[in-house]
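Read the structure below first, then the notes.
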There are 2 protein chains.
Amino acid sequence: MVFFEIDLKSRTPIYEQIYKKTVELIIKGELKENDQMPSVRALSAEISVNPNTITKAYALLEKDGIIYSLSGRGSFVAKVELEKVADFLLADFDRCALDALESGISPSILVDRINTLSKKTDIT
Amino acid sequence: MVFFEIDLKSRTPIYEQIYKKTVELIIKGELKENDQMPSVRALSAEISVNPNTITKAYALLEKDGIIYSLSGRGSFVAKVELEKVADFLLADFDRCALDALESGISPSILVDRINTLSKKTDIT
DNA sequence: TAAGTGTAATAGCTCGGATAGTACAGCTAA
DNA sequence: TTAGCTGTACTATCCGAGCTATTACACTTA
């Protein structure tokens, strides 16, 4: 239940971190279709963040069809295709990769970079 | 001379865009050791940005040893090792890649992504 | 009924980023 | 020497995104 870990100091806004974290949990299978999301107030309390911020994150998630919210009931994971959900995360990656490529960095260097990083994450 | 193109609407701050653009130009060989950077006021006027913002970018570049500034003379490209300069750009890429990996996206997908992107950029 | 849910609305704070303006000192070419 | 360029420093101000604080309402369920 210690799901959502947020970095308050990060440059990426909290509501966006929640968004990404949700997507991540879905990809990893820790959140499945129709699973109930933590309630706005509960998550708000858990990570010490204003309820409005949670609401904003949930609104975004619902807008993208990743969750659905029922007034008085709660918020739940929608039926989603994993590929499309992953795209929301990959959009960030694409942007960074494109930046690097346009800066004149060769694709092979980037690939090397990924391999190195993936090994490290496996160890950890 | 239409070097620095800046996206005023971007989420990344202008001074950071200037920083990256400078690194990019160095990597591409369009800026070489001892080449003179556009003057603070000139660049300020060219891209319609406050001089202070340019100064901030140049200060960062100098702090990282990428350029050197001589009061009354101008700012010039320092002697730098391309690898180290590229690292400043790759730091962004690493962060994005690591995010994706930690979210459970497989390395092979990321590699595919890079290949796709690099083909597109070659066409363009 | 009570306690939980999402949702809405308003007001305010904070901080990074950017602007505006002025000033000073160093360099260089006319 | 002088005029015009350079970097640099400083202060004051504005702006907007992000977040907080608070209250309120309608819905659902035990």
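Just so it is clear: chains get the letters A, B, ... in the order the sequence lines come, proteins before strands, and each one is counted from 1.
Between A:Y68 atom OH and C:dT7 atom P there is a gap of 13 Å when expressed in whole angstrom units. To the nearest angstrom, P of D:dG18 lies 15 Å from CD1 of A:I6. One interatomic measurement links the two molecules: CG of A:L43 to P of D:dT20, which rounds to 12 Å at whole-angstrom precision. To the nearest angstrom, P of C:dA18 lies 10 Å from CD1 of B:I47. Separating the CG atom of B:L70 from the P atom of C:dA25 is a distance of 19 Å, rounded to the nearest angstrom. Atom C1' of nucleotide D:dG16 and atom CG of B:L8 are separated by 15 Å, given to the nearest angstrom. B:I54 places its CD1 atom 15 Å from the C1' atom of C:dA20, with the value rounded to the nearest Å.
Remark: B:Y68 pairs with B:F76 by the ring pair (Phe, Tyr, Trp, His ring centres under 6.0 Å) rule, at least two apart or across chains. Partners of B:F93 by ring pair (Phe, Tyr, Trp, His ring centres under 6.0 Å), not counting sequence neighbours, listed by chain and number: A:F93.
Between the A:D64 side chain and the A:I66 main chain, no donor and acceptor come within less than 3.5 Å of each other. Of the possible donor and acceptor atoms, none in the side chain of B:E24 sits under 3.5 Å from a partner among the backbone N and O of A:G104. Judged by distance alone, with hydrogens and angles left aside, the side-chain atoms of A:Q36 form no donor-acceptor pair with the main-chain N or O of A:G74 at under 3.5 Å.
B:Q36 comes within 4.0 angstrom of nothing in the nucleic acid, heavy atoms only.
Taken residue by residue, residues 9-23 of chain B places no heavy atom nearer than 4.0 Å to DNA chain D.
Among residue pairs with one or both ends in residues 99-115 of chain A, those qualifying as side chain to side chain donor-acceptor pair (under 3.5 Å) are A:S106-A:S108, A:R113-B:D94; sequence neighbours excluded.
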Donor-acceptor pairs are to be reported for all side-chain atoms of residues 83-91 of chain A against protein atoms at under 3.5 Å, with residues two or more places apart or in another chain.
none

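Taking side-chain N and O atoms only, A:S75 has no distance below 4.0 Å to OP1 or OP2 of C:dT5. Between A:T55 and C:dT7 there is no side-chain polar atom (N or O) within less than 4.0 angstrom of OP1 or OP2. At the phosphate of C:dG17, OP1 or OP2 sits under 4.0 Å from a side-chain N or O atom of B:K56.
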Kindly give the atom pairs (protein nitrogen or oxygen, nucleotide nitrogen or oxygen) under 3.5 Å for nucleotides 22-30 of chain D.
residue	atom	partner	partner atom	Å
D:dT29	OP1	A:R73	NE	3.4

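The shortest side-chain heavy-atom distance between A:I47 and A:I54 falls under the 4.5 Å cut-off. Contact check for B:K56 versus B:I14: no side-chain heavy atoms found under the 4.5 Å cut-off.
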